[in-house]
Amino acid sequence: MDRSKILELVKLYYAEQFAQAEFEPGKTAIPFAGRIFDEEELVNLVDASLDFWLTTGRYAEDFEAKFAEEMQQKSCMLVNSGSSANLLAVSALTSPLLKGNRLKKGDEVITVAAGFPTTVNPIVQNGLIPVFVDVELNTFNVKVSEIEGAISDKTKAIVLAHTLGNPYNLDAVKAITDKYGLYLIEDCCDAVGSTYNGKMVGTFGDIATTSFYPAHHITMGEGGSVLTSNPLLKRIITSLRDWGRDCYCDPGCDNTCGRRFKGKYGDLPLGYDHKYVYSHVGYNLKVTDMQAAIGLAQLKKLPRFIEMRKENFKKLYTGLKKYEEYLILPDATPNSDPSWFGFPFNVRENTKFTRKDLAEYLEANKILTRQLFAGNLTKQPAYMDKEINFRIASSLENTDYIMRNTIFIGVYPGIDDVRMDYIISVFDKFFNNIR
Amino acid sequence: MSTISKATVLSIKEYGSDIREYLLKLDKNYYFEAGSFLLLTLDVRDSYSRWPESRNFSIASAYNKEGTIKLIIRRVGEYTGRIFNELLVGSKCVVKYSFGDFLLPFIDKKSPICCIAGGTGIAPILSFCEQLKSETQSERLHIFYSFKNEEELLGLKILEKTVSNGFLHLFCTRKSMEGTINRRIAWNDIQDEILDCSSSHYYICGGEDFTSYFKDNLINVGAENIYTDEW
């Protein structure tokens, strides 16, 4: 059977199955994020499944090359989630291939507690010590003035996310990592397309990570990537992702190096099959080609998605500016151009209403809200465990404020002008009621 | 993951009867590190299936936006014989790139880079020359290169243009030739260069005996950064 006939039918199926329902104010939910796709994603998905290659294949090959270019990096390694990407990024810094520059158990890594747990968890999972510093209320990013005070003789790296797409002060952070010889990992899971000084985020540090979960800027269902321009880190990350193996054959290939049965590795006998030589204690965190196929279609849409997120952010900012008496609105970090993941704001602590009141009102009106993920991670049950070692370098006053008062709502491309006008009208009603 | 691309032969340069320099144009041109190698197959396919029989070759040029790459191929067996017969100007092959650990230091941009090459082992070193020249770092390069005869002297123009005076050492093993030393490279030649072996980066590319000879000697004197590419 001709594959093109099947793919034509898929297009028809898309048109029938995924026609957009009409928006009904107050009845149709406006999520904080969602997947936006058309027939191309479905066609690619079916096309990849008909290859029945299943593991990483031609679509992954194309995606990695094109996404690396998009992100202004030399290499991209696809993985099965943004969290896996962070796990690999931190684990890579512990590789023996880095010799004297590797991170060892007990070394400290500076980070923040206001964010998503899997930015920090890999630090703990690798036997390293997270050292928490406070954040700013208006950018939701690290207070750079507190970083140097947190540095000890055990500090070896800084791992920070660009919170909800807002880049942190990379000039300041980079100056510190250069001064003290620290690694920098940029968690760009929420910040694909954000720039700082005109350069893509992720290009300032040693390693960057992204997520392709459905809530993110582009999706492949489950998915993520690790990006670097350092060829040694690329080698380490690929090895850790692919079971820890030393060999660099792609799936379905043997003897790429031409020396498969010629090497001497560890205490293995001479000529032991290089395909089964392991230079790292690794994982298997690869994606399937079906996921990459969806991602490739999404990648074409990314520039438009980024513009729409920026436009929606501006509209919300303009619509809510009049309520600054009650809300601390988000500021883009100077010299940055964020590709916003969401629209975060703090409810100022006041006598008329709380964050809970506003969140419940928005949710009742079908505008879905989120808090800033873990709030203050050190107060989460997982981090109350006495077995988890971390250090709080300074007061986390703002982190606690964010834990109590931050909400974010969506700016994703599924929010059109009609929905945006509705969102602002709901805020208007809320504030009219409390005055 | 590597990139699979069709490639068209733009030109062929003969170096004697058994060595050729192919200039290929890639359909899909993505960044690769100088010193990388690729797989070349004559089996031009459209579908994604198990990778067919192929041979690997060092890329003898650095990445460029035009998407051209150079390969130096010696006819040594049946498959390279097929390449010589079938891969003519205008014809196509498929390459899969890029692989390898024989790469320039990423962090250290100052220490000397000492390359020791035998025969077609000069191929990845020529890509280093292009890369370091584009980064205005070619003054770091020290090259020791041995070849059989004048016909098989590869990339002389690039080497002379790139490597600083006194740092290019040519050894012609089978003939006496002006400007070259008529013997194999010896360990003493490397020692006489007087480089700080703890900070210098040593790249050795050649046959197994060739690489192990220099590698063992370098280890004995405490060299820490040794990279080998052997066949």
Side-chain angles (χ1 to χ4, degrees), chain A residues 3 47-48 50-53 55-69 72-78 97-101 181 206 228-236 238-239 241-242 246-259 262-263 279 286-287 289 292, chain B residues 1-5 26-41 45-58 63 65 76-77 79 94-108 131 198 201 207-208 211-212 215 224-225 227-231:
Chain A
R3 186 182 292 205
D47 192 32
L50 292 174
D51 285 350
F52 212 63
W53 184 256
T55 183
T56 311
R58 65 181 170 117
Y59 278 107
E61 173 200 318
D62 255 17
F63 184 92
E64 286 186 342
K66 287 177 177 158
F67 191 63
E69 282 195 342
Q72 300 170 355
Q73 300 267 5
K74 287 180 179 165
S75 51
C76 163
M77 282 70 66
L78 269 173
L97 297 187
L98 294 174
K99 298 177 183 169
N101 297 317
D206 299 284
T228 184
S229 289
N230 179 329
L232 178 57
L233 289 173
K234 174 194 174 186
R235 172 100 167 93
I236 294 166
T238 307
S239 169
R241 180 193 64 180
D242 301 350
D246 194 69
C247 154
Y248 36 66
C249 285
D250 288 330
C253 297
D254 293 331
N255 203 20
T256 299
C257 62
R259 302 185 49 76
K262 289 185 179 172
S279 46
K286 296 196 296 298
V287 288
D289 219 35
Chain B
M1 203 174 171
S2 54
T3 297
I4 298 175
S5 172
L26 298 167
D27 279 8
K28 289 189 203 169
N29 182 34
Y30 292 114
Y31 183 82
F32 60 85
E33 296 289 336
S36 303
F37 73 87
L38 54 66
L39 304 183
L40 183 150
T41 179
R45 322 151 306 150
D46 285 320
S47 63
Y48 204 84
S49 55
R50 202 171 174 83
W51 182 250
E53 185 178 7
S54 62
R55 291 293 178 273
N56 45 12
F57 301 102
S58 293
Y63 168 80
K65 286 189 174 150
V76 287
Y79 203 84
V94 175
V95 296
K96 187 175 190 181
Y97 71 101
S98 60
F99 303 97
D101 302 319
F102 195 72
L103 309 177
L104 290 167
F106 182 74
I107 304 286
D108 177 6
Q131 185 66 35
S198 63
H201 298 265
E208 279 180 29
T211 53
S212 60
K215 186 180 175 182
E224 290 179 11
N225 307 306
Y227 315 83
T228 59
D229 187 9
E230 62 191 32
W231 57 81

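Per chain, numbering begins at 1; letters A, B, ... match sequence-line order. Fair warning: this is a prediction, and the values are worked out from it, not measured in the lab.
Of the two parts of F37(B), only the side chain, counted from C-beta on, holds a non-hydrogen atom closer than 4.5 Å to a non-hydrogen atom of chain A. The contact between N29(B) and chain A is made entirely by backbone atoms, counting heavy-atom distances below 4.5 Å.
Taking 4.5 Å as the limit, every side-chain heavy atom of Y31(B) sits out of range of all side-chain heavy atoms of T3(B). Side-chain contact between L78(A) and M1(B): absent, with no pair of heavy atoms (C-beta onward) separated by less than 4.5 Å.
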Do D101(B) and Y248(A) pass the side-chain contact (heavy atoms from CB on, under 4.5 Å) test, and can you show the C-alpha distance, the side-chain angles, and the key distance before you say yes or no? CA-CA 10 Å; D101(B) 302 319; Y248(A) 36 66; 3.9 Å; yes
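Across every non-hydrogen atom of Y30(B) and E69(A), the tightest pair is CD2-OE2, 3.5 Å.
Here E230(B) is the residue among R55(B), E230(B), E208(B) with the most heavy-atom pairs under 4.5 Å with chain A.
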